[in-house]
Student: 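One structure, pasted below without further comment.
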Amino acid sequence: QVQLVESGGGLVQAGGSLRLSCAASGRTFSTYVMGWFRQAPGKEREFVAAISWSGITTYYADSVKGRFTISRDNAKTTVYLRMNTLKPEDTAVYYCATSKPQCARLDCSDINRIQAWEYWGQGAQVTVSS
């Protein structure tokens with residue numbers, strides 16, 4: 001079992017910044033790919049970003065590339081999502097997740113699909129006002 005707890009969400013004006021954190025416990029954090037997804041009202045959950053176990057390799061959805069940065073601190077078993085230049089369309093509940101063992105690398109073909117992810121946090125609301 002893995003427990004994931006997100007924090008750092010909130011309300012911010014367009015153009016502003018937020019940093020989400022996701023604290024993990026329950027298994028060897030440093031050996032798995034970690035990622036962030038988001039779900040806006042009435043929409044499907046979508047991939048945002050992922051980071052390799054080492055933290056060296058990252059992968060982003062086109063919609064956030066250049067504005068969001070994913071990072072991790074394996075000593076603190078925490079993954080972060082720094083969000084800059086936020087837009088109203090970034091408004092969503094943001095979820096962190098751990099990959100399934102069969103997608104333990106970022107070159108997994110399903111890495112941006114929900115079925116590649118095993119454990120999920122409860123979500124953090126991010127609201128961007130215009």
Side-chain angles (χ1 to χ4, degrees):
Q1 267 297 9
V2 176
Q3 293 78 44
L4 302 172
V5 179
E6 299 97 337
S7 61
L11 173 65
V12 63
Q13 288 188 329
S17 298
L18 280 175
R19 189 181 78 160
L20 300 179
S21 300
C22 173
S25 62
R27 76 174 182 192
T28 308
F29 174 82
S30 61
T31 61
Y32 289 92
V33 170
M34 296 294 295
W36 290 92
F37 281 71
R38 67 186 182 186
Q39 188 166 18
K43 295 188 177 181
E44 294 185 350
R45 192 170 298 189
E46 65 174 5
F47 171 80
V48 174
I51 187 166
S52 63
W53 66 267
S54 67
I56 293 175
T57 307
T58 56
Y59 175 55
Y60 297 93
D62 288 343
S63 58
V64 306
K65 200 173 296 181
R67 300 187 298 122
F68 290 12
T69 303
I70 188 172
S71 61
R72 67 191 295 165
D73 184 335
N74 288 340
K76 295 182 178 179
T77 65
T78 300
V79 63
Y80 305 96
L81 185 68
R82 176 69 180 183
M83 304 180 291
N84 294 330
T85 319
L86 282 161
K87 305 174 181 180
E89 51 263 43
D90 294 318
T91 295
V93 177
Y94 284 71
Y95 299 90
C96 69
T98 63
S99 68
K100 292 181 178 177
Q102 56 264 39
C103 272
R105 292 164 54 95
L106 288 189
D107 58 3
C108 171
S109 60
D110 288 335
I111 201 66
N112 61 348
R113 302 178 70 182
I114 290 177
Q115 53 261 44
W117 301 84
E118 185 171 19
Y119 295 101
W120 298 83
Q122 83 287 351
Q125 177 69 49
V126 172
T127 303
V128 184
S129 63
S130 57

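Keep in mind the model is a prediction, meaning the values are calculated, not measured.
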Student: Is Asp110 paired with Lys100 through a side-chain N to carboxylate O contact shorter than 4.0 Å?
Tutor: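 Answer for the salt bridge query: no.
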Student: State, to 0.1 Å, how close Val126 and Gly9 come at their nearest heavy-atom pair, and which atoms those are.
Tutor: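 Minimum heavy-atom separation between Val126 and Gly9: CG2-CA, 4.2 Å.
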Student: By the ring pair (Phe, Tyr, Trp, His ring centres under 6.0 Å) test, which pairs, at least two apart or in different chains, include something from residues 86-118?
Tutor: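 Residue pairs with at least one partner in residues 86-118: Phe37-Trp117.
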Student: Are Arg72 and Trp53 in a cation-pi setup, meaning NZ or CZ lies under 6.0 angstrom from the ring centre and within 45 degrees of the ring axis?
Tutor: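 Judged by the rule (NZ or CZ under 6.0 Å from the ring centre, within 45° of its axis), Arg72 is not positioned above Trp53.
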Student: May I ask you to check whether Phe47 and Tyr59 place their ring centers less than 6.0 Å from one another?
Tutor: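 Under 6.0 Å, so yes.
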Student: Transitively linked via ILVMFWY side-chain contacts under 4.5 Å: Met34 with Leu20?
Tutor: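 Same cluster: Met34 reaches Leu20 through Ile, Leu, Val, Met, Phe, Trp or Tyr contacts under 4.5 Å.
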Student: Under the 3.5 angstrom rule, does the side chain of Glu6 hit a backbone N or O of Gly123 as a donor-acceptor pair?
Tutor: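 Between the backbone of Gly123 and the side chain of Glu6 there is a qualifying donor-acceptor contact (under 3.5 Å).
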Student: If I compare all heavy atoms of Ser130 with all of Pro88, which pair ends up nearest, and what's the gap?
Tutor: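 Closest heavy-atom pair between Ser130 and Pro88: CB-CG, 3.8 Å.
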Student: Quick check against the 3.5 Å criterion: does Tyr80 have a side-chain atom that pairs as donor or acceptor with the backbone of Thr69?
Tutor: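 A pair under 3.5 Å: no.
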Student: More than 12 heavy atoms of other residues, nucleotides or ligands under 6.0 Å from CD of Gln115: yes or no?
Tutor: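 Yes, the 6.0 Å shell around CD holds more than 12 heavy atoms from other groups.
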Student: For the CD atom on Gln102, are there more than 12 heavy atoms of other groups (residues, nucleotides or ligands in this structure) within a distance under 6.0 Å?
Tutor: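 Atom CD in Gln102 is crowded, with more than 12 foreign heavy atoms closer than 6.0 Å.
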Student: Is the shortest distance from a Lys or Arg side-chain nitrogen in Asp62 or Lys65 to a carboxylate oxygen in the other one below 4.0 Å?
Tutor: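 A salt bridge links Asp62 with Lys65.
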Student: When you measure from the side chain of Ser52 to the backbone of Thr57, do you find a donor-acceptor pair of N or O atoms at a distance under 3.5 Å?
Tutor: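 Yes: the side chain of Ser52 pairs with the backbone of Thr57.
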